[in-house]
Structure formats: C-alpha cells, structure tokens
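Treat the numbers as computed from the prediction; the structure is a model and nothing was measured. Order of appearance sets the numbers: ligands from 1, and atoms from 1 within every ligand.
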Amino acid sequence: MVNLDALNAIRAELPDHVTLVAVSKTKPVSDIREAYAEGVRDFGENRVQELVEKHGELPDDIRWHAIGHLQTNKAKHVAGIAHLVHAVDSTRLYSALSKYASDSLDVLLQLHIATESSKHGFSRDELVKALDESLLSSPNLNIRGVMGMATFTNNTTQVASEFRALRNVYDQLKPTMGPEFDTVSMGMSGDWRIAVDEGSTMVRVGSAIFGLR
Ligand SMILES: *Cc1c(COP(=O)(O)O)cnc(C)c1O
C-alpha cells in the first residue's frame, strides 16, 4: 500500500528543481503501479535481481534508478536497464559499467560523507585523484553528478554538515565537468528536507511513501 497523502505532500513541498525518486525496493509491483498512476515515473531499486524483474513487468516509460552498492559482476545487467546509476563508488565499478554501457549511460559518483564505515563511496581526495588520472573518462559513461548518504543519526547539525560537504565537492568539481554535471543526489525519508536545504537536486525517498520495510 502506498501512502498517497505522504507522496503528494512530499511532491508539493519539493522545489521544482528537485527530482523525487520513489524508492520501491522490497515492495511489490502493485505498489509501483499505484504510484505510477499518480504520475510518478522515477523509481529506485537497490538490488539488481529485483530491478531486472520489476523492469520486465512494468511500463517502459519508468525511469529506473539503481541506487544501491553494485558488485562489478552485476554491472552488465544494470547498464542496459538503468536510467541513472547512483552509486559508482570505485574506479573498478566505473570501468565495469563502461564496458557494458552501449551509449552514454548516466551515472553519479558516490562520495563517502558519513562517519559510518559501512557506507560506500570515494573520499573527496580519492575522487579528485581518479579524475586527475583520467580513470573516470570513458565516452560510454556520462557523469551527471554526485551522490551520498548521511550518517544515520538524530543529530541534524551533523547530517546538514555532511550534506553541505557533498554539495561543496559538487560545486568544486562542476567547472571542470561540463554542463550535464547537474545532479546532487542526497536525502532520504528521514532527512530529505535537510538535504534540500543544503542543495540537493534529487531525493531518494522510500519508507515515507511505501511504508516501513
Ligand atoms: C533504501 C534507500 C533509500 C531510501 O531510504 P528510506 O529511508 O526508506 O527513504 C535511499 N537511498 C538508498 C541508497 C537506499 O538504499
């Protein structure tokens, strides 16, 4: 069951420049159809198997966002389906995706902004180095921006400062990355308002729309 009131309240509150990705992971296709009927076209999944299955069953005009950590051996499956791959967190994964992407697949570079070591992503320095060494320069991949996840904490000051750090990296890279580098993917059910205040252009909201998993 989709909480349509919550969905529409979030959509009403989001500024026009912020895209809502409805994170449907673990939820049935009937939920996705319900949100689709409300006009939602951007859906996020974090497991490849589930992404492939749902993609096969649902309308072609859905834009699928691969938001979770990806194993390089799954790159092939994702490259053909995803509208945007949010979680490119290593040069290895970048290379694997570039091998299978047929024409300019849109991707985001994931930065590690949280204090938790369980979260994935480049550090700022690693990313700058990889870019300097041309390790992220395949013509098959179109780097559209950055993505990050804040620490899971009630400390909103900390969450805000982590999002701000991500936005700062984006702003620093922007002049060298070209006009299509336009996306800052940050903010989930618990912290999307903070993320928008700190310069998010894309929020990934699951449980606030589809209920607890
Ligand atoms: C699950 C997930 C989300 C959505 O989380 P909610 O707290 O349910 O909104 C966002 N981003 C990523 C990478 C996720 O794995």
Side-chain angles (χ1 to χ4, degrees), residues 1-11 13-14 18-29 31-32 34-35 38 40-55 62-71 74-75 78 81-90 93 97 106-122 144-156 158-160 162-163 166-167 170 183-213:
M1 280 277 290
V2 182
N3 186 337
L4 295 178
D5 289 342
L7 168 64
N8 287 316
I10 294 167
R11 292 208 291 182
E13 194 179 327
L14 280 178
V18 181
T19 302
L20 172 65
V21 176
V23 176
S24 47
K25 65 187 186 194
T26 79
K27 299 297 178 182
V29 293
D31 280 7
I32 299 179
E34 225 181 305
E38 288 292 298
V40 179
R41 292 294 178 274
D42 292 274
F43 291 93
E45 292 286 337
N46 72 334
R47 291 182 48 229
V48 175
Q49 173 86 18
E50 206 177 326
L51 174 65
V52 170
E53 283 172 15
K54 287 173 171 173
H55 170 263
I62 287 180
R63 295 181 287 270
W64 292 102
H65 295 251
I67 61 172
H69 174 65
L70 264 183
Q71 238 109 52
K74 304 272 175 66
V78 171
I81 292 178
H83 164 75
L84 179 62
V85 179
H86 286 235
V88 175
D89 55 8
S90 68
L93 176 58
L97 282 168
D106 284 349
V107 302
L108 303 177
L109 302 172
Q110 182 173 3
L111 275 124
H112 186 270
I113 55 171
T115 53
E116 296 137 334
S117 57
S118 57
K119 297 212 161 98
H120 296 272
F122 292 94
R144 296 296 303 266
V146 296
M147 177 271 204
M149 293 167 85
T151 303
F152 186 69
T153 171
N154 291 326
N155 184 341
T156 54
Q158 180 182 350
V159 170
E162 290 174 0
F163 284 149
L166 180 59
R167 176 71 203 207
Y170 167 81
T183 303
V184 180
S185 169
M186 60 185 191
M188 313 186 356
S189 290
D191 55 21
W192 65 266
R193 283 190 182 85
I194 304 173
V196 169
D197 284 346
E198 297 299 339
S200 173
T201 70
M202 188 174 276
V203 294
R204 311 174 309 270
V205 179
S207 47
I209 296 169
F210 295 104
L212 294 176
R213 290 179 295 273

Closest heavy-atom pair and its distance - [X], [Y]:
| X | Y | value |
| --- | --- | --- |
| Asp42 | Leu20 | CB-O, 3.6 Å |
| Leu93 | Ala75 | CD1-CB, 4.5 Å |
| Ala150 | Ala114 | C-CB, 3.8 Å |

How about Asp197 and Phe163: do any of their side-chain heavy atoms sit closer than 4.5 Å?
-> no
Say whether, by atom type as modelled, one donor and one acceptor occur between the side chain of Gln158 and the main chain of Thr151 under 3.5 angstrom.
-> no
Picking from Lys27, His55, Lys54, what satisfies side-chain hydrogen bond (donor to acceptor under 3.5 Å, both in side chains) with Glu45?
-> Lys54
Protein residues having a heavy atom less than 4.0 Å from any atom of ligand 1 = Val23, Lys25, Ile67, Met147, Met149, Met188, Ser189, Arg204, Val205, Gly206, Ser207, Arg213
